[in-house]
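Working notes, structure below.
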Amino acid sequence: MQDIDVIADPAAASAALDPVRARLLAELREPASASALASRLGVPRQRVNYHLRLLEKHGLVEVAGTRVWGGLTERRLVASAAGYVVSPEALGAAAGGPRGAGDRLSAAYVVALAARVVAEVGGMARNAARGRKRLPVYGLDAAVRFRSPADRAAFAEELTAAVGGLVSKYHDDAAPDGRWQRLTVAVHPVPKGVDPGAPQGPEASEVPPQGGERP
């Protein structure tokens with residue numbers, strides 16, 4: 001089972017976003033049968049089977065094993081990944097992305113950068129998985145609490161200078177075997193109710209309904 005699967009196909013995204021099917025994907029982090037799922041969700045087994053067939057059709061669940069019970073063969077299914085992210089690719093031409101330099105101080109630009117990371121890395125990750133290769137990527141995540149807006153502005157200036165210096169030091173436009181790498185850096189407030197020190201995974205990926213930012 002993959003840790004995270006990025007869904008790019010519109011039909012697969014539609015299947016995964018249905019409330020009942022999304023709940024089934026969460027339940028299927030561990031193998032389970034349709035009857036067991038029906039009991040947990042309080043939904044008729046026929047309806048559960050219908051949703052499971054759709055999820056299986058789009059490769060979001062797979063058979064984990066079978067057992068013979070009461071003269072019938074019962075299948076146990078499992079989600080293909082521990083968690084899912086829908087790529088902007090699923091929206092086709094309607095997907096957003098950074099245009100030109102953009103306003104680096106706007107929330108829209110930061111969201112567009114994040115969307116591009118999901119689309120580009122997600123697509124390459126799928127290809128790497130099919131070829132049983134490791135994709136050369138690097139991620140860095142940190143949390144900082146500023147004393148004042150002035151400190152935040154100073155931090156942004158120093159960060160920009162530091163990144164610019166590293167890019168100048170290691171960039172080689174003429175290297176025959178070189179490969180372009182994309183570097184994305186974002187600084188944004190942490191939503192209220194989210195602990196920046198808590199582990200981030202499929203079980204901790206839900207953002208509380210309240211908006212705003214942490215002080």
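Values in this document were obtained by computation on a predicted structure and should not be read as measured data.
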TODO: May I ask whether Leu159 and Val117 are part of the same hydrophobic cluster, defined by side-chain heavy atoms of I, L, V, M, F, W, Y residues being less than 4.5 angstrom apart, directly or through others?
DONE: no
Open item on the list: side chain to side chain contact (heavy atoms under 4.5 Å, CB included) for Phe155 and Thr160? Distances and angles first, verdict last.
Closed with: CA-CA 9 Å; Phe155 176 87; Thr160 300; over 6 Å; no
Open item on the list: When you compare the side chain of Val6 with that of Tyr84, does any pair of heavy atoms fall below 4.5 Å?
Closed with: no
Open item on the list: Distance check, rounded to the nearest 0.5 Å: Arg116 atom CZ versus Thr184 atom OG1?
Closed with: 5.5 Å
Open item on the list: So for atom CZ, which belongs to Arg126, do other residues, nucleotides or ligands contribute more than 12 heavy atoms lying within a distance under 6.0 Å?
Closed with: yes
Open item on the list: Please check this pair: side chain of Ser87 against backbone of Ala90, looking for a donor-acceptor N/O pair closer than 3.5 Å.
Closed with: no
Open item on the list: How long is the straight-line distance from OG of Ser80 back to CG of Leu25, given to the nearest 0.5 Å?
Closed with: 7.5 Å
TODO: Could you tell me whether Phe146 atom CZ has more than 12 heavy atoms of other residues or ligands within 6.0 Å of it?
DONE: yes
- [ ] Under the side chain to side chain contact (heavy atoms under 4.5 Å, CB included) rule, what do Leu183 and Val163 come out as? Steps first, then yes or no, please.
- [x] CA-CA 9 Å; Leu183 173 64; Val163 171; 3.4 Å; yes
TODO: Can you measure from CG (Leu54) to CG (Leu60) and round to the nearest 0.5 angstrom?
DONE: 10.0 Å
Open item on the list: With no hydrogens and no angle check, just 3.5 Å: does a side-chain donor-acceptor pair link Ser35 and Glu74?
Closed with: yes
Open item on the list: Is it the case that the side chain of Ser14 and the backbone of Pro10 share a donor-acceptor pair, with hydrogens and angles ignored and the cut-off at 3.5 Å?
Closed with: no
Open item on the list: So, taking the atom named CG in Leu28 and the one named CD in Glu62, what distance separates them when rounded to the nearest 0.5 Å?
Closed with: 10.5 Å
Task: Interatomic spacing from CG in Leu41 to CG in Leu24 - rounded to 0.5 Å - done: 5.5 Å
Open item on the list: Any carboxylate oxygen within less than 4.0 angstrom of a Lys/Arg side-chain nitrogen, looking at Glu56 and Arg75?
Closed with: yes
Open item on the list: With rounding to the nearest 0.5 angstrom, report the CZ to CG distance, Arg53 to Leu55.
Closed with: 11.0 Å
TODO: State, with a plain yes or no, whether a side-chain heavy atom of Tyr50 is found less than 4.5 Å away from one of Arg21.
DONE: yes
Task: Arg29 side-chain N/O to Ala82 backbone N/O, donor-acceptor pair under 3.5 Å - done: yes
Open item on the list: Test your reading of the model: is there a side-chain donor-acceptor pair from Arg76 to the backbone of Pro31, 3.5 Å cut-off?
Closed with: yes
- [ ] Report yes if some heavy atom in the side chain of His58 is under 4.5 Å from a heavy atom in the side chain of Ile7; otherwise report no.
- [x] no
Task: Co-membership, hydrophobic cluster, residues Tyr109 and Val185, 4.5 Å side-chain - done: no
Task: Residue pair Thr73, Arg67: steps toward the side chain to side chain contact (heavy atoms under 4.5 Å, CB included) verdict - done: CA-CA 6 Å; Thr73 300; Arg67 69 170 184 172; over 6 Å; no
- [ ] Search all heavy atoms of Ala38 against all heavy atoms of Pro44 and return the closest pair with its distance.
- [x] CB-C, 4.2 Å
Task: Steps toward side chain to side chain contact (heavy atoms under 4.5 Å, CB included) verdict (Gln181, Tyr170) - done: CA-CA 11 Å; Gln181 305 281 317; Tyr170 290 100; over 6 Å; no
